[in-house]
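This report refers to the structure that appears directly beneath it.
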Amino acid sequence: MNIRPHDLLWLQADTPLLDIKESWVAQQWNAQQPVVVRRDVMQQDRIPIGVRGSARHQRAAGWVRREDVMRIDTPEALMARASDSPFRAFPTVVALMQLHQQRWSWPWGVTGSTGFALATGLPVLHATSDLDLLIRAPLPLQTEEVAAWQQQLACLPCRADTQVETPVGAFALNEWLREGRVLLKTARGPRLTHLPWTEEMR
């Protein structure tokens with residue numbers, strides 16, 4: 001079972017969420033909602049996860065047992081649900097369908113509130129929501145295609161942010177283009193680097 005950051009995990013009923021400290025989770029979360037895989041050091045039998053609450057500031061970090069995972073929705077797989085979604089008139093979903101009409105050499109998908117809405121049908125989207133995107137990039141990106149991607153984003157009906165996932169971690173595409181170095185989010189914490197594809201893990 002290949003599980004990566006940003007995947008949404010559907011769990012068995014009565015699955016315990018481990019090491020959760022926030023009290024609102026017990027009142028708001030149940031196994032009919034997925035949890036999202038967060039970036040941390042993976043353990044053999046436990047997966048680092050985050051839980052969304054009803055308010056934007058309500059986010060909790062914890063762990064689940066690998067054996068309790070029933071289904072995985074990846075950011076890439078959620079793309080197929082946009083055209084049939086009850087939220088297809090929302091700007092972020094319209095933008096997603098526009099991007100999906102183009103051919104890109106890299107695997108990519110949707111995360112954040114738009115991905116959560118597509119996965120669950122829960123009304124977490126707003127007219128002013130941002131679109132959070134993820135590019136899987138095992139190798140350095142080609143400059144020409146990145147420029148075409150950014151040009152498409154500039155024409156979308158909402159603000160869009162792109163995270164680039166490398167074998168080492170993830171970084172914001174805008175930051176890389178603007179500064180040439182990035183704050184790379186790794187399983188062992190963030191680090192500033194010019195080498196987001198080759199930075200050694202310590």
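Of the possible donor and acceptor atoms, none in the side chain of W29 sits under 3.5 Å from a partner among the backbone N and O of V35.
Using a 4.5 Å heavy-atom threshold, the side chains of Q33 and L122 count as touching. W104 is not listed as a side-chain neighbour of I135, based on a closest heavy-atom distance of 4.5 Å or more. A heavy-atom distance below 4.5 Å is found between the side chains of T120 and P34. Between T166 and P138, the closest side-chain pair of non-hydrogen atoms is not below 4.5 Å. Residues Q150 and L173 form a side-chain contact, since some pair of their non-hydrogen atoms from C-beta on lies under 4.5 Å apart. Counting heavy atoms from C-beta outward, R65 and P16 have side chains that approach closer than 4.5 Å. Using a 4.5 Å heavy-atom cutoff, the side chains of Q152 and L99 are in contact. When side chains are defined from C-beta on, F116 does not count as touching D132, because their heavy atoms never get closer than 4.5 Å.
Summarising the local packing, CD of E179 is surrounded by more than 12 heavy atoms from other residues, nucleotides or ligands at distances under 6.0 Å. Residue-environment remark: CE (M97) exceeds the threshold of 12 foreign heavy atoms within 6.0 Å. Atom CD of Q32 has 12 or fewer neighbouring heavy atoms from other residues, nucleotides or ligands inside a 6.0 Å radius. When the shell of 6.0 Å around CZ of R181 is examined, it contains 12 or fewer heavy atoms from other residues, nucleotides or ligands. Around CD of E67, the count of heavy atoms belonging to other residues, nucleotides or ligands within 6.0 Å exceeds 12. In this structure, D45 places its CG atom where more than 12 heavy-atom neighbours from other residues, nucleotides or ligands lie under 6.0 Å away.
Between D40 atom CG and I49 atom CD1 the span is 11.0 Å, to the nearest 0.5 Å. Going from atom CG of L78 over to atom OG1 of T114 covers 10.5 Å, rounded to the nearest 0.5 Å. A distance of 8.5 Å separates CD1 in I72 from OG1 in T74, rounded to the nearest 0.5 Å. With values rounded to the nearest 0.5 angstrom, T162 atom OG1 is found 12.0 Å from W176 atom CH2. To the nearest 0.5 angstrom, L134 atom CG is 12.5 Å from D161 atom CG. For the atom pair CZ (R66) and CD (Q44), the distance works out to 8.5 Å, reported to the nearest 0.5 Å.
Defined by atom type and a distance below 3.5 Å, a donor-acceptor pair is missing between the side-chain atoms of Q142 and S105.
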**Asked** Would W108 and M79 satisfy side-chain contact (heavy atoms from CB on, under 4.5 Å), going step by step from the backbone distance to the final call?
**Response** CA-CA 9 Å; W108 66 283; M79 302 289 301; 3.0 Å; yes
**Item:** Pair V168-T193, side-chain contact (heavy atoms from CB on, under 4.5 Å): steps then yes or no
**Value:** CA-CA 11 Å; V168 185; T193 179; over 6 Å; no
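With a 6.0 Å cutoff to the six-membered ring centre and a 45° limit on the axis angle, R38 counts as a cation-pi contact of W63.
Note on E165 versus R4: no salt bridge recorded, every NZ/NE/NH1/NH2 to OD/OE distance being 4.0 Å or above.
Taking both residues in full, the closest heavy atoms of Q58 and W24 are given as C-CZ2, 3.4 Å, listed atom of the first, atom of the second, then distance. G115 and L8 make their closest contact through O-CD1, 4.0 Å (heavy atoms, listed as atom of the first residue, atom of the second, distance).
Aromatic ring pairs are classed by plane angle as parallel below 30°, tilted from 30° to 60° and perpendicular above 60°; the pair F90 and F87 is perpendicular.
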